[in-house]
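Dumping the structure here so I can ask a few things about it.
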Number of protein chains: 2
Amino acid sequence: MAEPQTRTRIQKKNRTTILDAALDVFSQFGFRGSTLDQIAKAAGLSKPNLLYYFPSKEAIHVELLSCLMDTWLDPLRDLDPNGEPRAEILAYMRRKLEMSRNYPRESRLFANEILQGAPRIMGAIEGELKDLTDEKAAVIQGWMDAGKIAPSHPYHLLFSIWSLTQHYADFDVQVRAVLGNEGDDPFPAAEQYLETLFTKLLTV
Amino acid sequence: MAEPQTRTRIQKKNRTTILDAALDVFSQFGFRGSTLDQIAKAAGLSKPNLLYYFPSKEAIHVELLSCLMDTWLDPLRDLDPNGEPRAEILAYMRRKLEMSRNYPRESRLFANEILQGAPRIMGAIEGELKDLTDEKAAVIQGWMDAGKIAPSHPYHLLFSIWSLTQHYADFDVQVRAVLGNEGDDPFPAAEQYLETLFTKLLTV
DNA sequence: TGATTGTTTGACCAATTGGTCAGAAACACG
DNA sequence: CGTGTTTCTGACCAATTGGTCAAACAATCA
């Protein structure tokens with residue numbers, strides 16, 4: 001996207017500081033619900049200083065999203081067509097769940113964007129995301145045709161992995177409220193449950 | 001909540017018009033991302049006229065959410081402890097999926113609120129929602145203990161129904177983009193896939 | 001009909017929004 | 001040191017925000 005630029009030490013530090021603060025704010029309030037003042041305050045910088053590093057509010061958001069999309073697709077990229085089918089899919093589910101645990105802000109930023117109709121990211125959805133999904137769905141279809149896993153709908157199988165794992169980041173507040181605030185980490189039980197679920201689904 | 005009030009014909013009509021328009025806007029942009037002007041325009045009314053029927057922007061939002069919470073929980077309320085366990089759970093999943101299909105705006109409004117930390121709805125989450133979930137989770141646990149369905153985690157089972165079904169409303173844009181815009185309705189295939197998934201999960 | 005009540009609006013307000021700009025301050029480097 | 005560049009800020013701007021209000025308009029009903 002952005003052509004590589006020579007950046008000073010200060011530039012690098014402040015840009016990452018700003019992006020981190022913006023991730024906090026955007027992931028909670030969405031694009032239109034977030035203000036530059038909020039981001040500036042969260043970053044510990046002045047508002048004009050933000051605009052010294054980024055040309056506009058939208059530029060910050062776009063930068064965040066385009067950085068995100070890459071790492072977002074990594075777990076799926078690592079699905080190995082030559083691996084053992086059921087283990088590969090289970091491992092993919094685990095990687096996605098791990099992302100929900102370790103990067104909940106990124107998950108919420110993404111969810112916010114999709115909820116709003118993906119106005120600033122539709123290109124990547126119809127491009128990178130769709131291409132990769134098509135490719136991996138074909139792999140899974142191949143496994144099903146070969147009788148290595150139980151037949152079902154490859155695309156909806158992927159959707160189910162996305163929704164089930166991202167749920168624990170996006171709806172974290174609800175999950176914890178329902179489970180009761182016993183300080184429990186819901187993730188271990190979630191992983192165990194999802195392992196059972198997908199093992200049963202995939203077993204012929 | 002609001003005490004019953006005598007309302008004229010015009011009041012009834014305009015209040016529902018406003019709430020419907022507000023649902024459109026809030027469900028897309030979230031609370032802070034939506035403006036009274038947007039809602040007024042969508043409702044075909046002037047901004048001061050909105051504020052003749054509702055005291056504030058927040059009042060509209062709260063009214064929407066409290067109306068929503070009731071119908072939102074209906075599908076789970078109908079889970080019959082005396083029914084055939086597997087059929088009951090499958091029917092619940094189908095009711096939830098039907099809600100995603102018929103009321104996607106409500107689903108997105110809810111998702112937006114939870115994403116933002118549920119600031120205006122936490123009471124209902126920790127109250128009505130948690131109570132009902134506790135009750136039904138106990139029912140499911142009973143079924144598992146009696147060996148009528150395969151043992152797994154009742155709460156995460158409910159979470160999985162929520163996330164899988166709501167995904168088709170909240171991430172509708174992504175689902176359609178990935179499946180390709182062949183004008184297909186993704187719901188029939190989704191229902192079939194989810195039936196398979198839960199049938200396998202619940203079978204002993 | 002007229003008087004009362006219910007409905008609608010244009011004009012207005014203070015606060016907040018994203019963004020600009022000239023210059024001050026801090027830094028880099030010969 | 002000094003000079004040029006990078007970094008930072010206070011003051012400011014036009015546009016938009018949620019909300020008010022008096023007055024105009026419409027509905028109702030005696």
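Letters A, B, ... mirror the listed sequences (proteins, then strands); counts begin at 1.
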What's the CD-P distance between B:E58 and D:dG19, to the nearest Å?
8 Å

Side chain of A:K47, heavy atoms from C-beta onward: which of D:dG18, C:dG19, C:dT8 has the nearest atom to it?
C:dG19

Toward the 5' end of DNA chain D, by each residue's nearest nucleotide, A:S46 or B:S56
A:S46

In terms of heavy-atom contacts, does CD of A:Q192 have more than 12 from other residues, nucleotides or ligands at under 6.0 Å?
no

When we call it a touch if two heavy atoms are under 4.0 Å apart, what does B:L51 touch: a base, just sugar-phosphate, or nothing?
base

Nucleotide D:dT20, atom P - distance to CG of B:L50 in whole Å:
13 Å

Could you state the atom-to-atom distance from CG of B:L36 to C1' of D:dT20 in whole Å?
13 Å

Check the angle between the aromatic planes of A:F26 and A:F31 and answer parallel, tilted or perpendicular using the 30° and 60° thresholds.
parallel

What is the distance, rounded to the nearest whole Å, between atom CZ of B:R15 and atom P of C:dG6?
15 Å

Nearest-angstrom distance from the residue atom NZ of A:K57 to P of D:dA15
18 Å

Say you draw a straight line from OG of B:S107 to CZ of B:F171; how long is it, rounded to the nearest 0.5 Å?
10.0 Å

Can a side chain N or O of A:Q11 be found less than 4.0 Å away from OP1 or OP2 on D:dT6?
no

Take atom CG of A:N49 and atom C1' of C:dG19, then tell me their distance rounded to the nearest Å.
14 Å

Step through the shown structure and confirm whether more than 12 heavy atoms of other residues, nucleotides or ligands are within 6.0 Å of OH on B:Y103.
no

Distance in angstrom units between B:I18 CD1 and C:dT7 P, rounded
11 Å

Candidates C:dT17, D:dG19, D:dT6 - which lies nearest the side chain of A:Y52
D:dT6

Which of the following nucleotides, C:dG18, C:dT8, D:dT17, is nearest to the side chain of B:N14?
C:dT8

Of the listed nucleotides (D:dT17, C:dG18, C:dT7), which one gets closest to any side-chain atom of B:Y53?
C:dT7

For B:P48 and B:I10, find the nucleotide of DNA chain D closest to each by heavy atoms; which residue's nucleotide sits nearer the 5' end?
B:P48

Modelled atom types, side-chain donor and acceptor of B:Q141 and B:D145, under 3.5 Å:
yes

B:Q38 CD to D:dT17 C1', in whole Å, measures 12 Å

